[in-house]
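I have placed the structure first, in the form of structure tokens, so that the comments after it can refer back to it.
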2 protein chains.
Amino acid sequence: MTDHKDKMLVLENFLPYRLSYLTNIISHQLARLYTTQFDITPHEWKILAILNRYPNISAAHAGEKTAMDKVAVSRAVKGLSEKNLLHKIFSPEDKRRSMLNLTGEGTKLFHKIAPLVTDYENALLAILTKQEQGQLSQILDKLTRHVTAVKP
Amino acid sequence: MTDHKDKMLVLENFLPYRLSYLTNIISHQLARLYTTQFDITPHEWKILAILNRYPNISAAHAGEKTAMDKVAVSRAVKGLSEKNLLHKIFSPEDKRRSMLNLTGEGTKLFHKIAPLVTDYENALLAILTKQEQGQLSQILDKLTRHVTAVKP
DNA sequence: TATTTATAGTTACAAATGAAACTTATTTCA
DNA sequence: TGAAATAAGTTTCATTTGTAACTATAAATA
């Protein structure tokens, strides 16, 4: 007759906890793939990847695409630039807006790292059936849409 | 005839990225539920929750249960202790091992915060069908087991 | 038993992160 | 126009976090 409707909070079953537990491990393992071999931070890697995909975008735009805040982007850009992996100019039309592009070296580094991380992703996906892969994708979309919907 | 088998890495479709994007948002929203109203950090909240569930465990044990490293646990314990939310003694048998318990105040605070975070979880789950909830749970288990399996 | 190895927890220092203030450039609109 | 508001990006400072070194105790072993 104790704990009648106490709906005890059990960390191990708590969805946000389970998600963050898994995600933290994945992020660490993924980072280790390139931080050990190459002198590049996770933030820098994100910018490298997004600029390979979308050349010539601004820092703000890169931030949107990667969900990084502008300070993090600024620092990553600076780091990449100092390593000659990225070239930054400001737009002649709007001298506030940056135009970011990978250098040849930056592109080369991207193509060294990309297979490592896609291999890692494939190993993850291989754990799941095709069906589960689809389910996960759909569920992530649903949840992401929900949590990003602006709250009053 | 270009990019024949280039399996381009597209951040937006990349599972680890999608996971971390979602998880970061959830973690932030969740933290906001208690950090604004109560003077408690996310680490402290985890320890509070695990001690409510498993009273009298050691710091090391609490760390295992929460996937926090021992430094983070030590700091959270210190913080909670300074706020009189937690009581720490060392075991008489093994004077290295701590025995942690919530104080009455700590327990009271837990019961104030718990419904806020479970409500948040329920709102998340409500987005999914019962079926999807089961699928997600199973998928998280599979992936977590995989990534935590020791690698040579 | 004396020495070493291992364990629990803390402390200290360095690196990463986040929030706010700041600079420069552009837009708005009174 | 020109003052005020907005926007992009950077810098600064405080906080958080992570790694390594350290202390104290207990266990292993020679």
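Quick note on labels: first sequence line is chain A, next is B, and so on, each numbered from 1. As the structure is a prediction and not an experimental result, all values here were calculated from the model.
- Set against C:dG9, D:dT6, D:dT11, the side chain of A:Lys78 has D:dT11 as its closest nucleotide.
- The 12-atom threshold is exceeded at CZ of B:Arg53, counting heavy atoms of other residues, nucleotides or ligands nearer than 6.0 Å.
- Residues meeting the side-chain contact (heavy atoms from CB on, under 4.5 Å) test with A:Asn24, sequence neighbours left out: A:Ser20.
- Computed from coordinates, the A:Phe90 CZ to D:dG9 P distance equals 7 Å when rounded to whole Å.
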Under 3.5 Å, N/O pairs linking protein and nucleotides 13-15 of chain C:
none

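- When each of C:dT24, C:dT7, D:dT17 is scored by its nearest atom to the side-chain atoms of B:Arg96, the top-ranked nucleotide is C:dT7.
- For the atom pair A:Leu48 CG and A:His43 NE2, the distance stands at 14.5 Å (nearest 0.5 Å).
- A cation-pi arrangement is absent between B:Lys112 and B:Phe38, since the terminal nitrogen or guanidinium carbon is not both under 6.0 Å from the aromatic centre and inside a 45° cone about the axis.
- Classification of the B:Trp45-B:Tyr34 ring pair by plane angle, with boundaries at 30° and 60°, yields tilted.
- A:Glu132 and A:Ile127 make their closest contact through OE1-O, 4.4 Å (heavy atoms, listed as atom of the first residue, atom of the second, distance).
- The side chain of A:Ser74 places no N or O atom within less than 4.0 Å of a non-bridging phosphate oxygen (OP1 or OP2) of D:dG9.
- In this entry the distance linking NE2 of B:His43 with P of D:dT15 reads 17 Å, nearest Å.
- Rounded to whole Å, atom C1' of C:dT17 lies 12 Å from atom CG of B:Asn24.
- For A:Ser137 and B:Arg18, the side-chain atoms include at least one donor-acceptor pair closer than 3.5 Å.
- With D:dT11, D:dA7, D:dA20 as the candidates, the nucleotide lying closest to the side chain of B:Val71 is D:dA20.
- Judged by closest nucleotide on DNA chain C, A:Ala72 is the one of A:Ala72 and A:Asp94 placed further toward the 5' end.
- One finds the CG atom of B:Leu128 at 8.0 Å from the CG atom of A:Leu15 (value rounded to the nearest 0.5 Å).
- We find that NZ of B:Lys88 is positioned 15 Å from P of C:dA8, with the value rounded to whole Å.
- Taking every heavy atom of residues 45-70 of chain B and every atom of DNA chain C, pairs under 4.0 Å involve B:Ser58, B:Ala59, B:Ala60, B:Lys70, by number.
- A straight line from CD of B:Glu44 to C1' of D:dT17 spans 14 Å, rounded to a whole angstrom.
- Put simply, CG on B:Leu140 and CG on B:Leu136 are 4.0 Å apart, with the number rounded to the nearest 0.5 Å.
- Between A:Thr41 and A:Lys95, the residue whose closest nucleotide on DNA chain C is further toward the 5' end is A:Thr41.
- Atom CG in A:Leu80 sits roughly 16 Å away from atom C1' in D:dG9 (whole-Å rounding).
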